[in-house]
Chemist: 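Take a look at the following structure, please.
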Amino acid sequence: MKNNYTSLISALIFVGLVFLTFYLEMPQDSKVNGNLKYGFSIEKSIEKVKQISALPHYVSSENHQKVGDYLIAELKKLGLTPEVQEGFTLTEWGNFSKSRNIIAKIKGTNANGKAVMLLSHYDSAPHSASYGAADDASGIATILEGIRAFKNSKKSHQNDIIILFSDGEELGLNGAALFVTQHPWAKDVGVVLNFEARGTSGPSYMLMETNEGNAEMVKNFAASGLDFPVSNSLMYSIYKLLPNDTDLTVFRQQGQIQGFNFAFIDNHFNYHTKQDNFEHLSQETLAHQANYLMPLLHYFSNYDLSQLNSKEDFVYVNTPFGFIHYPFSWNFILAGIAGILLFFFVFLGIGKRILSTREILRGFTPFFVVITVSGAAAFLGWKILNVAYPQYSEILQGFTYNGHDYIGFFIFITLAICFAFYKNFYSVTQTFDFAIAPLLIWFIINILIAIFLPGAGFFILPVFAGIIMLAVFVLTQKSFWLLNLILSIPAIVIFVPFVVAFPIGLGLKMLFGSAILTALVFALLIPVFGFYPKKKNWSLVMLILAIGFLAKAHFNSNYEEGQAKQNSLVYFKDVDTGKAFWLTYDENLDEWTNSYLGKNPQSAKIVEAYNLFSKYNTKFTFSKPTETKNFPEPSIQFIRDEIIGDQRYIKIIIKPNRKVNRYDIFANTNVTFHNLRVNGVLHVNQKKSAYKRNGRKLLSYYVTNNEALEMSFSIKKGIEPDLELIEASFDLLENPEFSIKKRENWMMPKPFVLTDAIVLKQKIKANFNQEIIPQQLTDSIENPSENIIPDAQN
């Protein structure tokens, strides 16, 4: 009876701890209390989000210019003197565009100090009709309202404050690259606070980017008086492995300037879609961004920013009870101490015949079984669910609208498996015998972490709690359920957020990782769960809860308004052959795409060579021949095509003859391009004459105001570059040449890919009139054999 009573209490306490862990991550009363600390008004920031995200405002759109003008007016209202920086940049992934940065400065009292930069981008994602409410009107609004509140405080500050509303972030971080490489204020920046988003709700995570060590950055972040810091050093280790850069990455790489990213990722399915609108943006999340900005702005505006550099790295992790941080160098020390204590108390327990070697060895069987079965169940289960619900493959973000239900399903399935395989032991001694296997494995995991992933060094803290449980039992030969419950808190507050965050941030394909972590935590807490009587019944309860989540996921598996299906349609014309096709990126066609591609579309292999770059490497799936329409083709002019020595020098101008939004240039993969300049600009990362690229794509140009594209380069003579041009306009649905029916309200354009576009593909043909320049004239022409090319600013 007592065990029944204590097990129920402990289960309820665990539920409460999990709830508090998530509840205390961010402010929860923003809808009631509109004013936060430091005089920040949620209502005012919300109004700014509404204004900025009223319509899609991607680069080259009419609304993009309007949003820029609105931001200039808002900065002037704050008593500032904004300026506009405009220019071309060629950045990562070969993306080229003209950016229009909006910049302002608030002078500090120390004319010689470094400046605090407040950074956010104001362009929305192209192609997908995204309103950009979260990404990144939320960041812009936070900064605007934060500056108003800061100026109203009338507190003096030593450091200048630079505000940068960057442009072209969605294209290739172009605006940030323009500022860092060409603006004179860039050299004055000491730290950057960058506000971003990859979803529309949830806590905002701090991701630090540093030049070398992070120790001083971590210590000052902790000292700034933040109420809701949500971050850990493992996050950035994972972040660096993903194809997700921000404007701050450019500052770190190009300008050796470090700083903090603040980004929220929940409801990831809205990211870069039409559903990134004001209605889907969480006010609590907006308040969380403000809770970072205001303390850090007040703190760093009076801090000596030259002191932020460090050679040392820190482990750090937030908990509901405080922000824990300590040096990387402690990882091996803590792991070593844990190992010594673990083996000491195991041998002491065996020597005192409190622990049994035979039972300890037996304990490895259920431990490895639950890890293997749980991981396999989640891995295979998600594969089966994707077969049963093929519509999930259309959500490129990898997180479905019912994704939270699936997280719940697999967590409770894992708990059911754990209780089932640990059901056959009850005695105190056997419970602690079986606790040794998970402690030993967790010790080994932390040794590997210290070697290969030091940012996860805080994983050792719950292991120490588990060793203390063992030590108390060995020393007293008693188990104290309340003490063990208290010692379980580190495992809950540190590991449970990862169980949820992994599939949200990395996609539901990571559900197997959440399941394995859940099983590892369960096994670590065997001194608590091991005393639960009738574990078979607990397993049944977990299974019932899992089925409940699965049923809920099923009933939420269909598309509807606000949870729309992503689909895509492209009109593709090969100018050289005169053939035209309907194309799509969709795996599962619906009635809208079927009306153009038919019930039995062909594969898209015919255009395989022209799959355009996308974040998730998405390719055309189906095609169907269609009527050829006549659109004005671009004017292509070779204004230079000549051979000097062993090099062929080419200069081409491409001028659009219709309203276009994007050019993509492809070339022979066997050709090396030297000294490639686009509208006079070199790639920001180019150090030598050879231009580095991946695959056939040479560059993508996001066109503004129908400005021409000018390319100059040299290649080895005798080799044809086989240049091809894809010209795209984003007006398929509005173009009078077509009668494209409107999407149903449960559909929306697919993000991350070129869709709703009219595409013309043609070869860029040479003039074949090369003139061989006499050797004595070559001295006046740039030499492609030089190892070092001129600076991009010259």
Side-chain angles (χ1 to χ4, degrees), residues 7 10-11 14 17-18 335 338-339 341-343 345-346 349 355-356 359-378 410-449 456 459-473 479 481 484-485 487-499 502 511-533 535-536 538-539 542 546:
S7 63
S10 67
F14 279 140
L17 273 173
V18 171
L341 291 174
L342 173 60
F343 286 106
F345 286 111
V346 168
L355 300 177
S356 164
E359 291 299 312
I360 289 173
L361 294 175
R362 277 189 61 208
F364 281 91
T365 300
F367 175 73
F368 284 120
V369 168
V370 297
I371 299 298
T372 304
V373 173
S374 298
F410 284 107
I411 288 174
F412 284 108
I413 279 289
T414 300
L415 291 174
I417 291 169
C418 290
F419 276 114
F421 282 98
Y422 275 102
K423 71 178 186 295
N424 293 322
F425 66 93
Y426 300 97
S427 70
V428 174
T429 299
Q430 193 177 40
T431 297
F432 278 95
D433 284 332
F434 278 34
I436 305 304
L439 281 171
L440 178 60
I441 297 303
W442 270 108
F443 164 68
I444 294 172
I445 289 173
N446 276 277
I447 290 294
L448 296 175
I449 283 173
F459 277 22
I460 196 65
L461 302 178
V463 178
F464 270 107
I467 293 172
I468 293 172
M469 296 184 206
L470 174 66
V472 170
F473 170 70
S479 178
W481 76 273
N484 292 342
L485 189 62
L487 291 170
S488 300
I489 292 175
I492 298 297
V493 300
I494 288 176
F495 291 131
V496 168
F498 284 105
V499 172
F502 280 158
L511 280 166
F512 77 94
S514 292
I516 291 173
L517 182 56
T518 300
L520 283 167
V521 174
F522 181 96
L524 185 62
L525 301 182
I526 279 296
V528 176
F529 292 124
F531 290 101
Y532 280 32
K535 296 185 186 63
K536 187 175 180 180
W538 280 100
S539 179
M542 299 298 114

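Reckoned from all heavy atoms, side chains included, excluding hydrogens, waters and symmetry mates.
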Chemist: Ignoring hydrogens and angles, tell me if any N or O in the side chain of Asn484 forms a donor-acceptor pair with the backbone of Val528 under 3.5 Å.
Modeler: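 No: the side chain of Asn484 does not pair with the backbone of Val528.
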
Chemist: I would like to know whether Asn446 and Phe443 meet side-chain contact (heavy atoms from CB on, under 4.5 Å); could you show each step before the answer?
Modeler: CA-CA 5 Å; Asn446 276 277; Phe443 164 68; 5.8 Å; no

Chemist: Let's go through Leu440 and Phe343 carefully: what are the C-alpha distance in whole Å and the side-chain angles of both, what is the deciding distance for side-chain contact (heavy atoms from CB on, under 4.5 Å) to 0.1 Å, and is it a yes or a no?
Modeler: CA-CA 9 Å; Leu440 178 60; Phe343 286 106; 3.8 Å; yes

Chemist: When rounded to the nearest 0.5 angstrom, what distance separates CG in Leu439 from CD1 in Ile436?
Modeler: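 One gets 6.0 Å once the value is rounded to the nearest 0.5 Å.
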
Chemist: If I compare all heavy atoms of Thr414 with all of Ala519, which pair ends up nearest, and what's the gap?
Modeler: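 The pair with the smallest heavy-atom distance is CG2-N, 3.8 Å.
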
Chemist: Minimum heavy-atom separation for Ala491 and Leu525, please, with both atom names.
Modeler: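 Nearest pair, atom of Ala491 first, then Leu525: CB-CD2, 4.0 Å.
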
Chemist: Quick one: does Tyr422's side chain get under 4.5 Å of Phe522's, heavy atoms only?
Modeler: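 In contact.
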
Chemist: Enter the distance from Leu461:CG to Ile489:CD1 here, rounded to the nearest 0.5 Å.
Modeler: 13.5 Å

Chemist: Are side-chain heavy atoms of Phe419 and Tyr532 found at a separation under 4.5 Å?
Modeler: yes

Chemist: Write down the atom of Arg362, the atom of Gln430, and the distance for their closest heavy-atom approach.
Modeler: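 Shortest heavy-atom contact: NH1-NE2, 3.6 Å.
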
Chemist: Measuring only between side-chain heavy atoms, which start at C-beta, is Phe14 closer than 4.5 Å to Ser488?
Modeler: yes

Chemist: Measure from the side-chain N and O atoms of Asp433 to the backbone N and O of Ser356, and report whether any donor-acceptor pair falls under 3.5 Å.
Modeler: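 Yes; judged by distance alone, with no hydrogens or angles, the pair exists.
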
Chemist: Can you measure from CD1 (Ile360) to CZ (Phe432) and round to the nearest 0.5 angstrom?
Modeler: 12.5 Å

Chemist: Working to the nearest 0.5 angstrom, can you tell me the gap between Cys418 SG and Lys535 NZ?
Modeler: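 If we round to the nearest 0.5 Å, Cys418:SG and Lys535:NZ are 12.5 Å apart.
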
Chemist: Within the structure provided, determine whether Leu524 and Pro462 are in side-chain contact (heavy-atom separation under 4.5 Å).
Modeler: yes

Chemist: Going from CG on Leu511 to CD1 on Ile516, what distance comes out if it is rounded to the nearest 0.5 angstrom?
Modeler: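 Atom-to-atom, Leu511:CG and Ile516:CD1 are 11.5 Å apart.
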
Chemist: Please report the closest heavy-atom contact between Pro490 and Leu487, naming both atoms and the distance.
Modeler: CD-O, 3.3 Å

Chemist: Heavy atoms only: give me the nearest Ile467-Ala338 pair and the separation to one decimal.
Modeler: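 Looking at all heavy atoms of both residues, the closest pair is CD1-O, 3.3 Å.
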
Chemist: Of all the heavy-atom pairs spanning Ser514 and Phe498, show the shortest one and how long it is.
Modeler: OG-O, 4.4 Å

Chemist: For residues Leu355 and Leu470, determine if any side-chain heavy atom of one lies less than 4.5 Å from a side-chain heavy atom of the other.
Modeler: yes

Chemist: For the pair Phe368 and Phe364, name the ring-plane relationship: parallel under 30°, tilted 30 to 60°, perpendicular over 60°.
Modeler: parallel

Chemist: Give the intermediate values and the outcome of side-chain contact (heavy atoms from CB on, under 4.5 Å) for residues Thr431 and Phe473.
Modeler: CA-CA 11 Å; Thr431 297; Phe473 170 70; over 6 Å; no

Chemist: Among all residues two or more places apart in sequence or in another chain, which pass the side-chain hydrogen bond (donor to acceptor under 3.5 Å, both in side chains) test with Ser539?
Modeler: none

Chemist: Heavy atoms, side chains only, cut-off 4.5 Å: are Leu341 and Phe464 in contact?
Modeler: yes

Chemist: Using 0.5 Å steps for rounding, measure from the CZ atom of Phe434 to the CD1 atom of Ile526.
Modeler: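 Atom-to-atom, Phe434:CZ and Ile526:CD1 are 9.0 Å apart.
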
Chemist: Tell me, please, which residues at least two apart from Phe495 pass ring-ring contact (aromatic ring centres under 6.0 Å, His included).
Modeler: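 By the ring-ring contact (aromatic ring centres under 6.0 Å, His included) rule, Phe495 matches Trp442, Phe459.
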
Chemist: Does the Ser10 side chain pair with the main chain of Ser7, one donor and one acceptor, at a distance under 3.5 Å?
Modeler: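 Side chain of Ser10 to backbone of Ser7, a donor-acceptor pair under 3.5 Å: yes, one is there.
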
